[in-house]
Each structure stands twice: as C-alpha cells, then as structure tokens.
Amino acid sequence: MMSMTVLYKKMSIDGIEVFYREAGNPRNPAIILLHGFPSSSHMFRDLIPLLADRYYVIAPDYPGFGNSSMPPMDEFSYTFEHISMVIEQWIERLCIPRYMLYCQDYGGPIGFRIAVRSPERVLGFVIQNAVAHAVGLGQPFDIFKALWADPSPENRAAFSKLLEFEFTKKQYLLGACQPILISPDGYTMDQFFLNRPGNAAIQLALGYDYRHNVDQYPKWQQYLRTYQPPTLIAWGKNDFNFTLAGAYAIASELTCVELVLLCGGHFVLEEASGRISELMKSFFCRVYGF
C-alpha cells in the first residue's frame with residue numbers, strides 16, 4: 001500500500017466514535033489537521049495526499065461534526081473545552097508523542113487548548129484563518145456577540161441563519177479568487193451534516209460557548225510568547241469571518257514565524273491546497289530539516 005493512500009478509520013473515546021482520515025508512515029513527523037466550522041476532515045481531502053509522502057497526516061472529525069458520533073445534548077457537553085479533551089485522548093491513543101497542529105477556524109480554539117495543556121509536545125503550528133486575538137473576529141461574530149450578551153429567542157434565531165445553506169456556501173465562495181476551483185462538494189457535504197436532526201442545537205451550544213474562547217485569548221497569547229512554537233500562517237486574505245488583523249496579531253507574538261497572505265477566502269484550502277502543502281514542507285524543512 002502506498003503511503004499516500006488515505007485510510008478512513010474510527011476510534012471509540014468514552015463511547016464517542018471519532019472518525020478520522022490517516023495517511024503516511026506513522027514513523028514520520030506527525031501533522032494533526034483540525035477542521036473549522038461547519039466543516040469536517042473533508043476540508044483536508046486534497047491536502048492530505050500532498051503531505052503524506054513526508055509526514056504522518058491525521059485529521060479527525062469532532063463529535064457532532066462529519067462522520068464522528070453526534071450524541072444528543074443531554075449525553076454530551078458540547079463545549080470547546082470538552083471537544084479538545086476528546087481530541088487529546090484520541091491523540092494519546094494513537095501514541096503520537098510530538099506533533100505539529102494545523103488549525104483552521106474552530107480548530108484554533110481546540111488546538112490552542114491542547115497546546116496549552118501539553119506545550120512540550122507541540123512542534124509547531126500551521127494557522128489557516130484561526131485567531132487568538134479579539135481583533136481577529138470579523139463581521140459574522142457580531143451575531144455571536146449578540147448571542148453571548150443575550151441568548152434571547154431573537155438572537156438564537158439570528159444565529160440559526162449561520163447554519164443555512166446560503167451562509168455555508170458563502171463561506172466557501174465569498175472572497176474566492178478562483179471560484180472555478182471551488183468544488184460544490186465542500187459546502188454540500190457540510191450542509192448535509194448541519195441538516196441532521198438535533199445538529200442545529202449542537203451548533204448553537206458551541207456558538208454560545210465560543211465566548212469562553214475569547215476569555216482564553218490572553219492565555220493563548222502568553223503560550224505563544226513563552227513557548228515560541230514555529231508557526232506558518234497561511235491565510236486566505238479575503239476572509240470575512242476572520243480579519244487580517246488577526247493574522248498579524250498572531251505573527252506579532254512569535255519570532256519563528258512565516259506569514260503568507262493567499263488570494264482566497266475563509267476556505268482558501270479549496271483553491272490553494274497545492275500551494276499550502278509546498279509552504280508547509282518548505283517551512284518545516286527550514287526549521288527542523290523534515
């Protein structure tokens with residue numbers, strides 16, 4: 001079997017079936033790909049084979065997302081803290097001692113939590129449109145902020161608009177530089193999982209819990225300043241969810257950092273997976289020789 005072959009696996013963590021994609025030789029340096037909202041490991045489908053010749057690449061779906069279990073709200077606490085702990089247990093079970101973290105969108109708060117708990121295990125980051133500073137929160141977060149201030153029926157209804165097909169498609173296409181490269185598979189797949197009965201309540205719970213991520217920003221900034229993880233920031237510069245100021249703010253905390261602004265939007269990987277894989281290989285080869 002060629003190492004570039006992608007395998008599709010599941011692992012049970014405390015009764016939760018965590019689905020993940022895996023490729024490459026487990027003896028190679030590990031890269032863990034952490035997806036955003038409202039996506040899943042599906043967002044990395046093009047990137048994984050491009051990295052698997054050099055790295056051990058693994059990409060999980062979070063509980064409530066993609067092909068992982070979606071336990072009901074009364075059986076699972078849908079918070080970023082809890083999800084990060086499930087993913088951390090999954091990493092432990094895979095026996096990966098040290099790793100690089102690729103974080104996009106929701107992958108940021110999950111990855112930073114894991115890194116703060118085990119800083120000695122993180123070899124570095126790839127940040128693709130994920131933030132650790134309030135200045136990075138773009139216009140859609142006005143809807144989040146209204147929900148945090150008052151989870152009224154009106155604000156909950158406004159948030160539910162972010163779960164509809166029109167907004168899902170917008171996240172992929174708004175700011176895209178080459179829309180002809182944006183496969184409909186991405187936003188269609190995401191919407192399929194969002195439309196499952198009970199998923200809207202899960203996404204609302206996470207949207208409300210996102211306020212705790214903002215509370216954690218100072219701790220994540222201190223982590224970056226203290227441990228100085230080598231970081232490649234590969235940023236879709238036309239993203240309307242997260243601002244360019246958020247990318248520059250992360251870069252300002254670090255000494256070993258490369259910031260590359262790519263022509264694209266929130267899901268820039270859809271049109272630039274080849275470019276991002278080259279940037280990753282070049283960056284980590286310079287830093288670590290692999």
Assess, by modelled atom type and distance only, whether the side chains of [X] and [Y] contain a donor and an acceptor separated by less than 3.5 Å.
X    : Y    : result
S282 : R286 : yes
H266 : D239 : yes
D190 : Y172 : yes

Taking only distance into account, with no hydrogens and no angle test, what donor-acceptor pairs under 3.5 Å do side-chain atoms of residues 133-140 form with protein atoms, sequence neighbours excluded?
residue, atom, partner, partner atom, Å
H133, NE2, E253, OE2, 2.8

- Determine the interplanar angle of the Y288 and F290 rings, folded into 0 to 90°, and report it as parallel if under 30°, tilted if 30 to 60°, perpendicular if over 60°. parallel

Looking at [X] and [Y], would you say the former's side chain and the latter's main chain have a donor-acceptor pair under 3.5 Å?
X    : Y    : result
S69  : P71  : no
S68  : D61  : yes
R275 : A272 : no
R196 : G64  : yes
E258 : I233 : no

Exceeds 12 heavy-atom contacts within 6.0 angstrom, atom CE of M85: no

For a 4.5 angstrom cut-off between non-hydrogen side-chain atoms, does [X] reach [Y]?
X    : Y    : value
D46  : L269 : no
P109 : I83  : no
I32  : I91  : yes
P63  : E17  : no
P49  : V6   : yes
R21  : F19  : yes
T5   : L7   : yes
E270 : R45  : yes

Side chains of residues 201-209: which donor-acceptor pairs under 3.5 Å do they make with residues two or more places apart or in other chains?
residue, atom, partner, partner atom, Å
Q203, NE2, N199, OD1, 3.2
D209, OD1, H212, ND1, 2.9
D209, OD2, F80, N, 2.9

State which residues pass side-chain hydrogen bond (donor to acceptor under 3.5 Å, both in side chains) with [X]; sequence neighbours excluded, sorted by chain then number.
X    : value
K10  : none
E271 : none
K9   : E22

For a quick test of reading the model, state the closest non-hydrogen atom pair linking [X] to [Y] and the distance between them.
X    : Y    : result
N25  : Y56  : O-CB, 3.2 Å
G246 : V131 : CA-CG1, 4.3 Å
K281 : L51  : CE-CA, 4.2 Å
S41  : P60  : CB-O, 3.9 Å
G264 : V268 : CA-CG2, 3.8 Å
M4   : A23  : O-CB, 4.4 Å

Sequence neighbours excluded, the answer for side-chain contact (heavy atoms from CB on, under 4.5 Å) partners of V122 is Y99, L101, A115, F125, Y223

Listing request: all salt bridge (charged side-chain N to carboxylate O under 4.0 Å, His left out) pairs with a residue in [range], at least two apart in sequence or in separate chains.
range            : result
residues 90-104  : E92-R121
residues 134-147 : none
residues 103-114 : E81-R113

The complete set of disulfide bond (SG atoms under 2.5 Å apart) pairs with one or both residues in residues 47-133, sequence neighbours excluded, reads none

Disulfide bond (SG atoms under 2.5 Å apart) pairs touching residues 213-264, sequence neighbours excluded, are C177-C263

Test side chain to side chain contact (heavy atoms under 4.5 Å, CB included) on L34 and I87; report intermediate values, then the result. CA-CA 9 Å; L34 299 174; I87 298 303; 4.1 Å; yes

Would you say the rings of H35 and F65 are close, in the sense that their centroids are separated by under 6.0 Å? yes

Rounded to the nearest 0.5 angstrom, the OH-OG distance for Y62 and S40 is 10.0 Å

Next item on the list: Flag yes if L123 and W90 sit in one hydrophobic cluster, no otherwise; membership is Ile, Leu, Val, Met, Phe, Trp, Tyr, and two members link when side-chain heavy atoms are under 4.5 Å apart.
Entry: no

Exercise for review: Start with the C-alpha gap between F267 and Y187, add the side-chain angles, then the distance that decides, and say whether side chain to side chain contact (heavy atoms under 4.5 Å, CB included) holds.
Suggested key: CA-CA 10 Å; F267 284 108; Y187 50 82; over 6 Å; no

Let me check something: any side-chain donor-acceptor pairs from residues 160-170 under 3.5 Å, sequence neighbours excluded? List them with distances.
residue, atom, partner, partner atom, Å
S160, OG, A157, O, 2.5
T168, OG1, E164, O, 3.2
T168, OG1, Q191, OE1, 2.6

Only one of Y78, F144, F37 passes ring-ring contact (aromatic ring centres under 6.0 Å, His included) with Y210, and that residue is F144

